[in-house]
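Hydrogens, waters and symmetry mates are skipped; everything else that's a heavy atom, side chains included, is used. FYI, the numbering just counts along the sequence from 1. None of these values were measured; they are calculated from a predicted model.
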Amino acid sequence: MKILIADDDLTVPKVLVRLLKPYNFHCLVAKDGQEAWDIWQREKPRIVVTDLMMPLVNGLELCEKIRNHAAEDYTYVVMLSGKNESRDIVRGLEGGIDDYITKPVRLKEFEARIAIGARIVNLETELRKKYKDIKENYFQTIRMFNNLIEIFENDLGGHCRRVGETALNIARRHPDVSPDDYEIIETAGLFHDIGMIGLPAEVLLKSRRMRTNEESAMYRSHSELGEMILREISFLEPVARIVRFHHEQYNGRGFPDGLAGEDIPLFSRIISVASAYDNIIFRGKIKGDKVFQKMQMMSGYQLDPFIVNIMLEIHNENIAKNAKKNHAEISINDLEDGMILAEDIRRNSGALIMPAGTKLRFSGIDKLKKHLGLGSVPDTVLVEKISVN
């Protein structure tokens, strides 16, 4: 284990390094706070012993830098000081130090306190390892459930994967969602329809209007069934609650509990919007302006209007990204006969020169080059990739 000792009185580090030698610490020494900070960034020692009063950067400032730096491993900080008044000790503890030793250093006490620090660091390392194992088990469980949905119905599996991705995208833009909750929301999106695997295939294949009353009741049970399946695993209980309410509607006419408006948990409202959007795009095969019309029809009625607006922002961005995939940016000087414009070309004043969809001919290209020479149009234009040789 690496231990950094920082003190401008170099006799102190020499004594402490000699004292720690039998314990197999890898000791690093700094003569001031700035050097200590440079060494810490490079070597990431797990224990830092620092004098309070040092030139350039004092001990408290060094501790503050360490605490403010995002590091995977925790650093245990011990402060050395000739000041032993209560207010100085409290100030140090409030500043983020873990222990406080007054000078002159009593060597046996120092050994004992460093041993405590080493135990805490080792425990933190072990806890972090166990947390990683738990998280890996978490993702293994998620993958297992995803495989189960895929095996049951491939289209349903694809829908759930996309809803998970879309819900996460919405969550990252929602002002009331913490980054700590992103994983829960994405998982709820992945599992929101897991209750479907408990329903007969013929119920799922029928449209809503074609189902009998009994079949409709069976279908409406899938959110509760999904909650029941997920509650069997304790760490998925927060996800189970979201899944239960993902078919509640903003107007109170959803199921299973008839919740309305903001009585529906926020995360469930996010899943509802993501699922409705995916159904419009992939099951309804709806495209273009009709997507906006369909989502707006459900906004404030079935879906949370604020979240719908976020979804439509994402949809707009997706359209722009897809357009870029299908378009090529070409210098006006490199335009060729037969290329098709993918966007309007306008003068810097805004006046239209050529509309999108124009199939370029030599005369039109010459016209654009003249405008370019006058500095009245941009250097490049977008053309349909399909028209580029």
Side-chain angles (χ1 to χ4, degrees), residues 70 131-132 134-150 153-196 222-223 226-227 229-231 233 235-250 254 262 264-284 291-292 294-295 298-299 302-322 324-325:
Y131 174 76
K132 284 183 176 179
I134 290 170
K135 198 159 189 175
E136 178 58 29
N137 289 337
Y138 177 84
F139 287 117
Q140 286 176 352
T141 303
I142 289 173
R143 286 193 292 270
M144 180 272 290
F145 273 128
N146 277 335
N147 290 339
L148 187 63
I149 296 171
E150 291 272 5
E153 222 279 318
N154 187 59
D155 287 343
L156 181 62
H159 170 69
C160 289
R161 275 199 314 277
R162 292 189 300 270
V163 170
E165 293 170 5
T166 303
L168 176 61
N169 205 351
I170 294 172
R172 285 175 171 156
R173 297 163 185 248
H174 199 293
D176 297 330
V177 179
S178 163
D180 294 337
D181 295 320
Y182 292 167
E183 192 173 276
I184 293 174
I185 293 171
E186 182 181 18
T187 303
L190 289 168
F191 292 163
H192 76 286
D193 273 344
I194 194 170
M196 296 283 196
H222 81 266
S223 56
E227 178 193 30
I229 292 169
L230 296 172
R231 279 192 183 277
I233 301 173
F235 62 77
L236 288 177
E237 282 197 17
V239 175
R241 182 172 181 272
I242 299 169
V243 167
R244 176 183 180 87
F245 300 119
H246 81 275
H247 268 294
E248 299 291 353
Q249 294 187 10
Y250 207 69
E262 295 189 3
I264 306 168
L266 171 60
F267 299 170
S268 298
R269 282 180 270 149
I270 289 174
I271 302 301
S272 295
V273 171
S275 180
Y277 175 78
D278 190 78
N279 284 332
I280 289 170
I281 298 290
F282 290 94
R283 291 178 177 172
V291 173
F292 291 90
K294 191 73 173 176
M295 291 295 291
M298 292 188 282
S299 180
Q302 179 179 339
L303 304 173
D304 183 322
F306 184 80
I307 301 174
V308 168
N309 287 339
I310 295 175
M311 184 71 257
L312 291 178
E313 287 176 6
I314 295 170
H315 179 67
N316 266 334
E317 291 174 11
N318 290 339
I319 291 173
K321 286 177 184 176
N322 289 332
K324 287 182 179 179
K325 290 178 183 177

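- Minimum heavy-atom separation, Cys160 to Asp193: SG-CB, 3.9 Å.
- Closest non-hydrogen pair, Leu236 versus Leu230, comes out as CB-O, 3.6 Å.
- Here the OH atom belonging to Tyr250 is positioned 6.5 Å from the CZ atom belonging to Arg269, to the nearest 0.5 angstrom.
- Other residues, nucleotides and ligands contribute more than 12 heavy atoms inside 6.0 Å of the CZ atom of Arg231.
- The minimum heavy-atom distance between Ile142 and Phe191, with the atom names listed, is CA-CZ, 3.5 Å.
- For Ile310, the side-chain contact (heavy atoms from CB on, under 4.5 Å) partners two or more places apart in sequence, or in a different chain, are Ile170, Arg173, His174, Phe306, Ile314.
- Sparse packing is recorded around CD of Glu262, with 12 or fewer heavy atoms of other residues, nucleotides or ligands lying under 6.0 Å away.
- The minimum heavy-atom distance linking Ser223 with His246 is given by the pair CB-CE1, 4.0 Å.
- Here the CD1 atom belonging to Ile280 is positioned 9.0 Å from the NE2 atom belonging to His315, to the nearest 0.5 angstrom.
- The shortest distance between side-chain heavy atoms of Glu313 and Asn316 does not fall below 4.5 Å.
- Side chains of Thr166 and Met311 form a contact here, defined as non-hydrogen atoms less than 4.5 Å apart.
- Closest approach of Ile194 and Gly226 over heavy atoms only: CG2-CA, 3.7 Å.
- Using a 4.5 Å cut-off on side-chain heavy atoms (C-beta onward), Met298 and Val273 make no contact.
- Note that OG of Ser268 and NE2 of His247 are 11.0 Å apart. Values are rounded to the nearest 0.5 Å.
- No side-chain donor-acceptor contact under 3.5 Å links Ser299 to the backbone of Met295.
- Side-chain contact check for Asn279 versus His159: some heavy-atom pair is nearer than 4.5 Å.
- To the nearest 0.5 Å, the span separating CG on Leu156 from CD1 on Ile149 amounts to 6.0 Å.
- The CD1 atom of Ile229 sits 10.5 Å away from the NE2 atom of His222 when rounded to the nearest 0.5 Å.
- Put simply, the side chain of Ser275 never gets that close to the backbone of Ile271: no donor and acceptor are under 3.5 Å apart.
- Here Leu168 contributes atom CG and Tyr182 contributes atom OH; the two are 8.0 Å apart, rounded to the nearest 0.5 Å.
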